[in-house]
Every structure is written in C-alpha cells, then in structure tokens.
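First the structure, in the form of structure tokens, and then the observations on it.
Note: hydrogens, waters and symmetry copies are ignored here, and every other heavy atom, side chains too, is used. This is a predicted model, so every value here is computed, not measured. Letters A, B, ... mirror the listed sequences (proteins, then strands); counts begin at 1.
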Protein chains: 2
Amino acid sequence: MTRQPNPSKAPTLTSIARSLGLSPATVSNVYNHPERVSTSVSERVLAAADAVGYAGPDPVARQFRRGKSETIGIVFTDEMSFALRDPASVSLLAGLSTALQDAQLNLLLLPAGSPVGNSRVSNVMGAVVDGFVFYSVPEDDPHLAAALKRRLPIVVVDEPEVVGDADWLGLDDHLAAADLGRYLSRLGHRKVGVITSRLGRSRHNGPADEEMWKNAVYPVQRNRIHGLREGLFGAEVGSIAVEERFENSVDAGLTALHALLQRDPDITAVCCFGDVLAIGALEGARQRGLSVPGDLTVTGFDDVPEAARAGLTTVRQPLFEKGRIAGEMLLSHPFSDRPRRRYLPTSLEVRSTSGRPNSNSM
Amino acid sequence: MTRQPNPSKAPTLTSIARSLGLSPATVSNVYNHPERVSTSVSERVLAAADAVGYAGPDPVARQFRRGKSETIGIVFTDEMSFALRDPASVSLLAGLSTALQDAQLNLLLLPAGSPVGNSRVSNVMGAVVDGFVFYSVPEDDPHLAAALKRRLPIVVVDEPEVVGDADWLGLDDHLAAADLGRYLSRLGHRKVGVITSRLGRSRHNGPADEEMWKNAVYPVQRNRIHGLREGLFGAEVGSIAVEERFENSVDAGLTALHALLQRDPDITAVCCFGDVLAIGALEGARQRGLSVPGDLTVTGFDDVPEAARAGLTTVRQPLFEKGRIAGEMLLSHPFSDRPRRRYLPTSLEVRSTSGRPNSNSM
DNA sequence: CTGAAAGCGCTTACAG
DNA sequence: CTGAAAGCGCTTACAG
C-alpha cells in the first residue's frame with residue numbers, strides 16, 4: 001500500500017469488475033463506450049455500482065490516463081478577490097468562460113499572488129491545465145515565466161506586450177489615449193490630470209513623476225500616458241500630473257482625485273485609466289462641491305456596465321469579446337507557428353461627464 | 001504504446017533520472033524534498049532539467065499519485081457568464097476565493113448548464129476537485145445529485161434548503177422579507193409589487209400567480225414572497241402582484257417594472273429580489289416620468305456596491321462573507337457528522353429610494 | 001544521501 | 001461483445 005487515500009474501502013472500477021467476474025475493460029466501456037457493451041452487462045454493472053456507491057471512473061485517474069485535463073487556467077496580477085472586485089476583469093472572465101463552455105472546457109482561477117517560498121516557483125507550475133490565459137501581469141512576471149516553461153498554449157491579454165511564444169491580445173492603448181487627448185484638447189483643456197492604477201511592483205500611492213511612468217512595468221499604463229500627452233499637446237511640450245494608486249477601486253479613485261486637485265487646483269480634466277477609478281473620482285468631485293462637467297471633466301476607461309448609468313465619458317473596449325477571443329485563440333493555438341498578435345478596437349463614448357472647461361479656470 | 005499524448009518526446013522525471021544515472025526517486029526528491037538531496041546532485045538534476053526543458057513533475061501524475069487535487073469546484077445555476085454578470089454572485093465568488101487562497105486551493109468554475117446528452121450526467125461527475133460549493137441551484141438539480149454521489153464535501157449556498165449530507169449556508173429569507181414588508185407597511189404602502197428572478201425551470205417572463213410561486217423550485221424566492229406578504233399584511237388578507245423574469249439583469253428589471261405598473265397602476269412600492277433588478281426598475285421609473293420615492297418606492301436585495309451609489313434602499317446580506325464562510329465550512333467539513341446549517345444576518349439599508357406613498361395614490 | 005519496488009485507477013489498442 | 005496486457009508519470013515508505 002503506497003497511497004494513503006482510499007483506505008482500501010472506496011470502490012474502484014476494478015473492484016466492481018472483480019465482484020461481477022468481469023474485466024475492468026468492460027466496466028470501463030460501460031461508462032465510456034456504452035454502445036460496445038451488451039445491455040444486460042451494462043445494467044448489471046450500473047446496478048452493482050449503485051449498490052456500492054460507485055459514482056463512475058475516478059476523474060483524476062481518467063485524466064491521468066488520457067493526458068488531458070479539459071481545463072484552462074487564468075492568471076491575474078493580483079489576488080483573485082481583487083480581480084473579482086473589478087467589473088472589467090469580471091467581464092473578461094465572463095467572455096472567456098463563454099468560449100470555454102462552448103468547447104466543454106472548465107476554467108480554473110489561479111491567483112498570482114506573491115510566489116510561495118518553496119522550490120516550486122508558483123502554483124502555475126502545478127496547475128492541472130491544458131493552457132493558460134494571463135491577464136495583465138507585469139513585465140518579467142515569475143508566474144508567466146513558469147508557465148512558459150511548461151510549453152502549454154498561452155494567451156497573454158494586454159500585458160506584457162511581448163512574451164516568447166505566447167499569443168497576445170490587447171488594445172492599441174497609445175492610440176486610444178491619444179484619441180482621448182485630442183478630444184480633450186479640442187474642448188479646450190490644457191491642465192489635465194491622470195489617475196492610474198499601479199505602475200510598478202511596489203505598493204506606491206501618490207504622485208508619479210515622468211521617470212516613474214517611463215519605467216513602469218505595466219506597459220499599458222505607460223502607453224496610455226504617452227498617448228494622452230501626444231493627443232493633448234502634439235509636438236508641443238506639456239506636462240500631465242499623474243497620480244498613482246496601487247489598488248484599482250472606487251475609494252482609490254476618490255482619494256486620488258483629492259490629491260490631484262490639491263496638488264494642482266487648476267486642473268480642468270481628470271482622465272482615469274479605469275471606470276472604477278473614475279466613479280470614485282466623480283464621488284470626489286461631488287465631495288469638493290465641483291460640478292461635472294462644469295467645473296471638472298472626468299473620463300474613464302473600459303466602459304463597464306455602470307459607466308453608462310453614471311453618464312461617464314469613457315474609452316470603450318470590448319471586454320467580454322476580449323475574453324471570448326482569448327479563449328478562441330487558446331483553443332486554436334497553432335503550435336510551431338509564430339506567436340499571433342491581435343488588436344481590438346476602442347472607441348470614445350462621450351457622455352455627460354466631459355465638456356468645455358469653465359472660462360474662469362482657463 | 002497506449003497513450004497518444006507525449007509522443008515519447010517530452011522529458012519525464014524518469015527520463016531525466018536515467019540520463020543522469022540516478023533513480024526516479026532521487027529526482028522526485030529534488031523537486032519535492034530538496035533537503036533530502038545533496039546540493040551537488042540537486043544542481044545536476046536541475047541543470048539537466050533545464051537543458052531538456054523539463055518544467056518539473058507532471059501535475060496530473062502528481063495529483064493522481066497523491067489522490068488530492070487541491071481544487072474546489074463551484075457550481076452555479078446558470079451558464080457561467082450569467083453568474084459573472086451578476087455582481088452578487090461575483091462578490092460571493094470573491095469571498096470564496098479568498099478563503100481558498102488562504103488554504104492554497106484553486107477554484108474551478110463549473111457551469112451547470114443543461115446536462116450533456118451522454119451517460120455522464122454532467123461535468124460535475126468528471127470534475128477534478130476535492131469538494132463542491134453549490135450556489136443557488138434549484139431543488140432536485142441533477143448536478144447536485146451527481147455531486148452527492150461522489151461523496152465529496154459539499155456546501156450548498158442558499159438553495160436548495162435541505163440536501164442529504166451537504167452543509168448549508170444561507171439567509172432567513174422569510175424573516176428578511178418580512179422586515180422589509182413591515183417597513184413598507186409602516187410607511188403606508190398597501191399596493192406592493194414584486195420583481196423576482198426565476199421561480200421555475202421554464203423560461204418564463206411575465207406575471208406569476210400564487211400557484212406558480214407556491215410551487216417554485218427556488219425556495220429563496222418562495223420564502224421571500226411569503227415573508228413579504230406577512231410583513232405587509234400580518235394576518236389580514238392582501239395580495240401582491242408578482243412579476244417573474246428568467247434572467248437577473250438590469251434590462252429584466254426595467255421591463256418588469258413596466259409590466260407591473262401597466263398591470264396595476266396603483267402600485268406604490270416595488271420590491272426587487274436583487275439589486276440588479278432594482279437598478280433596472282429605477283431606470284424604468286425614470287422612463288415613465290415617476291419620481292422616486294415620491295411617486296414610487298423601489299427596493300432591492302443584496303446591497304451590491306452599486307446599490308449605495310444609486311441610493312437604493314435594499315436588504316443587505318454579507319455576500320463576500322458568505323463566500324468566505326462557504327469556503328471555510330468546506331475546509332472544515334466533518335465527515336460522518338450531521339450536516340451543518342448556518343444562517344447569515346441581513347439588515348434593511350434605508351436609503352433614498354423609499355418613502356411614504358403620495359397621498360393621491362393612497 | 002540514494003535506490004528498488006510497488007502501485008495509484010484507469011483506458012486503449014488488440015486479439016479472440 | 002468481452003478480456004488480457006501494457007502502461008500513463010509519479011511518490012512513498014523502506015532498506016541500505
């Protein structure tokens with residue numbers, strides 16, 4: 001006896017076979033290829049199984065034997081509960097789950113918290129999956145490196161931008177932000193603030209100077225800041241006040257708005273790199289007695305369902321579709337080909353939180 | 001050769017061992033018990049593994065050998081993408097994931113769509129998990145029956161109310177709804193409408209008469225209607241107009257509100273059995289030019305994050321906690337004991353969508 | 001510190 | 001339609 005579990009009590013396919021004087025192969029066929037077995041034998045087997053409480057072939061053993069897990073793992077930057085608090089990543093998850101469900105695959109949620117202190121770099125190494133989706137992890141993420149080693153199909157969503165053999169799916173964040181910048185510029189905004197989620201690995205909340213965002217390990221945020229500035233100022237020089245928050249939450253958006261306006265009261269527009277942050281910023285503006293968009297323009301990113309209800313002007317991206325397409329890319333993964341890159345379109349949804357700046361603040 | 005995958009190409013623990021003149025046991029120890037192996041051997045093994053692209057012991061084989069999957073499955077009523085569109089179930093999921101992460105377990109999302117047409121009742125039978133959480137599935141759900149057969153720990157959240165050996169976690173829905181009813185009654189409401197998500201298995205959208213909700217396979221909704229009526233009318237007779245929607249969405253709440261008020265224009269309060277429905281109902285009231293709460297009181301259930309932002313009066317339940325506790329109950333599952341039952345508290349959060357009915361509608 | 005042996009529960013060609 | 005045989009890749013006591 002070399003295995004503790006199943007203290008020679010629980011019935012197995014073999015024990016059922018033996019008790020009936022059949023071969024394990026036949027019992028296996030009853031479950032896997034009923035058409036190859038006579039109905040009388042089939043019935044005897046099922047009855048015996050029922051009698052001893054055998055629920056069918058052990059899933060782990062079957063999976064082991066077959067070499068397939070029929071499961072895809074998704075890895076987030078963060079603790080899972082953080083990812084699930086963000087409606088944007090939840091939409092992505094919903095889209096992914098739809099694609100997988102169509103293909104009869106299960107979805108395994110893998111948190112990419114800090115690596116465990118063992119020899120195993122991360123639970124990514126031990127995850128029983130046939131492929132991975134990585135959602136918005138930083139450059140040089142150790143879990144991603146570990147997954148790459150396993151030579152399973154991988155689709156990276158958003159970031160990092162380039163990853164060995166993995167397929168990539170994301171946005172042209174530079175372009176999207178530049179469009180937004182041009183729109184704000186046309187409205188007359190010159191003093192613009194940015195509220196961004198984390199730029200680096202450290203738990204930093206506060207102003208982020210140019211050096212900080214140029215060195216961000218999250219290229220998405222980096223590209224957006226660059227793009228926004230280009231759209232606002234073109235070839236001119238012009239500075240943007242950037243406020244960083246490690247967490248992506250309503251409360252983070254709220255405190256960031258206060259910090260930004262305290263730092264520079266002349267700001268007439270605040271661009272949030274996520275609708276959840278923007279909803280918090282709107283609340284902050286309310287607290288300060290600022291009318292939106294009269295005194296302050298606030299914009300978001302993503303276009304989550306609540307954005308429309310809040311009247312938020314935002315950069316829309318097809319999050320559900322993104323998840324669905326990530327799933328499809330994974331399912332159609334062409335081994336031995338060059339990695340694929342796919343860009344999804346964005347669009348500016350102008351609603352009621354953006355407008356011309358007040359003349360007195362110009 | 002009896003296994004197609006791995007066309008005798010991919011390195012295995014054994015092949016590494018052989019190439020180094022070591023035993024598989026030693027190579028295994030390098031990965032699982034490094035302290036039992038000399039550093040020189042360890043280094044040789046790791047170098048050889050790296051050279052041939054061996055990413056460590058195959059997770060499926062290890063899991064098979066160990067007999068544990070370190071994974072918990074969660075089963076929803078619906079397609080996964082529906083569950084993920086509802087912030088209430090997402091909060092639950094977040095709480096569950098937190099509990100599991102603390103215990104180093106993974107979370108597998110199992111959709112409980114229509115059973116597949118095979119001999120296997122559902123993917124629940126084949127899911128590689130050490131336990132299940134069932135979230136709000138109907139009475140006599142086939143997936144739940146299948147899971148029960150597997151004799152793994154199970155925690156049922158909300159419904160069904162009683163399930164063989166499974167633990168149960170939920171609310172006193174009757175009491176919660178009765179509290180709400182008493183509150184509305186005190187305000188002076190007599191004509192009250194209900195917007196509920198599905199009561200039965202069939203895809204029904206429309207009025208639900210008393211027979212329909214008394215026979216609901218979702219006891220939660222049944223109990224809430226009973227409780228609400230008791231709170232409103234006590235021992236008196238009094239009827240409530242119930243509008244059923246198969247889906248739990250903003251749009252469903254919106255169309256249900258219109259249907260309800262078209263059916264009975266004298267209704268002064270609408271109770272929604274979910275905040276998402278209530279947000280839709282608020283939108284419907286807006287479309288009809290009704291002021292809230294002046295012309296119409298609207299209440300929700302759950303207290304999702306957006307509820308507070310929308311000023312929604314609602315019955316709060318601790319959703320994140322519910323998920324976390326479900327996880328803890330699963331982890332502490334006492335085999336051979338009586339199934340446990342645990343009730344979580346609810347509270348009425350009075351905000352700005354409820355008030356006295358207009359005198360002219362009384 | 002290292003190795004030989006046993007075996008986890010199942011499925012797959014193949015032969016009869 | 002049924003069975004004998006092989007083997008998936010690994011880990012665990014145990015002995016040396």
(Q) Consider salt bridge (Lys or Arg N to Asp or Glu O under 4.0 Å). Of B:Arg338, B:Arg340, B:Arg342, which one does B:Asp167 pass it with? (A)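 The salt bridge (Lys or Arg N to Asp or Glu O under 4.0 Å) with B:Asp167 is passed solely by B:Arg340 among B:Arg338, B:Arg340, B:Arg342.
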**Q.** Which residues share a side chain to side chain contact (heavy atoms under 4.5 Å, CB included) with B:Ser89, sequence neighbours left out
**A.**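 Result, side chain to side chain contact (heavy atoms under 4.5 Å, CB included) vs B:Ser89: B:Phe76, B:Ala83, B:Asp86, B:Tyr135.
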Q: State which residues pass side chain to side chain contact (heavy atoms under 4.5 Å, CB included) with B:Thr98; sequence neighbours excluded, sorted by chain then number.
A: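 B:Thr98 satisfies side chain to side chain contact (heavy atoms under 4.5 Å, CB included) with A:Ser81, B:Asp102, B:Phe320 once adjacent residues are dropped.
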Which donor-acceptor pairs under 3.5 Å do side chains of residues 323-331 of chain A form with protein atoms, sequence neighbours excluded?
from	atom 1	to	atom 2	distance (Å)
A:Arg324	NE	A:Glu321	OE2	2.8
A:Arg324	NH1	A:Glu328	OE1	3.4
A:Arg324	NH1	A:Glu328	OE2	2.4
A:Arg324	NH2	A:Glu321	OE1	2.8
A:Arg324	NH2	A:Glu321	OE2	3.2

Q) How are the rings of B:Tyr54 and B:Tyr31 set relative to one another: parallel (under 30°), tilted (30 to 60°) or perpendicular (over 60°)? A)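 It falls in the perpendicular class, over 60°.
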Q | Contact residues, residues 35-49 of chain A to DNA chain C [heavy atom, < 4.0 Å] | A |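 DNA chain C contact set from residues 35-49 of chain A: none.
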Q. Can you tell me how far CG of A:Asn106 sits from CG of A:Asp130, rounded to the nearest 0.5 angstrom?
A.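 Spacing of CG (A:Asp130) from CG (A:Asn106) equals 10.0 Å.
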Q: Nearest 0.5 Å please: distance from the CG atom of A:Leu13 over to the OG atom of A:Ser23.
A: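 Nearest 0.5 Å value for the CG-OG distance: 9.0 Å.
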Q) Whole Å only: how far is the CG atom of A:Asn29 from the C1' atom of C:dA13? A)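 It works out to 11 Å between those atoms.
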May I have the list of side-chain donor-acceptor pairs in residues 157-165 of chain B shorter than 3.5 Å, sequence neighbours left out?
from	atom 1	to	atom 2	distance (Å)
B:Asp158	OD1	B:Lys322	NZ	2.7
B:Asp158	OD2	B:Lys322	NZ	2.9
B:Glu159	OE1	B:Val220	N	3.0
B:Glu159	OE2	B:Ser136	OG	2.8
B:Glu161	OE2	B:Asn223	ND2	3.0

Select one nucleotide: of [options], the one nearest the side-chain heavy atoms of [X].
X: B:Ser23; options: D:dG3, C:dA4, D:dG9; value: C:dA4
X: A:Asp58; options: C:dT12, D:dG9, C:dC10; value: C:dC10
X: B:Pro57; options: D:dC10, C:dC10, D:dG3; value: D:dC10
X: B:Phe64; options: D:dT12, C:dC8, C:dT12; value: C:dC8

For [N], does OP1 or OP2 lie under 4.0 Å from any side-chain N or O of [X]?
X: B:His33; N: D:dT12; answer: yes
X: A:Thr26; N: D:dT2; answer: no
X: B:Tyr54; N: D:dC10; answer: yes
X: A:Arg62; N: D:dC8; answer: no

Q.
Can you give me the dot-bracket string for DNA chain D, 5' to 3', counting Watson-Crick and G-U wobble pairs with both distances under 3.5 Å, using [ ] for crossing pairs and | for partners on another strand?
A. |||.||||||||.|||
**Q.** Considering all heavy atoms, the nearest B:Ser42-B:Val30 contact
**A.**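 Scanning both residues, the minimum pair turns out to be OG-CG1, 3.6 Å.
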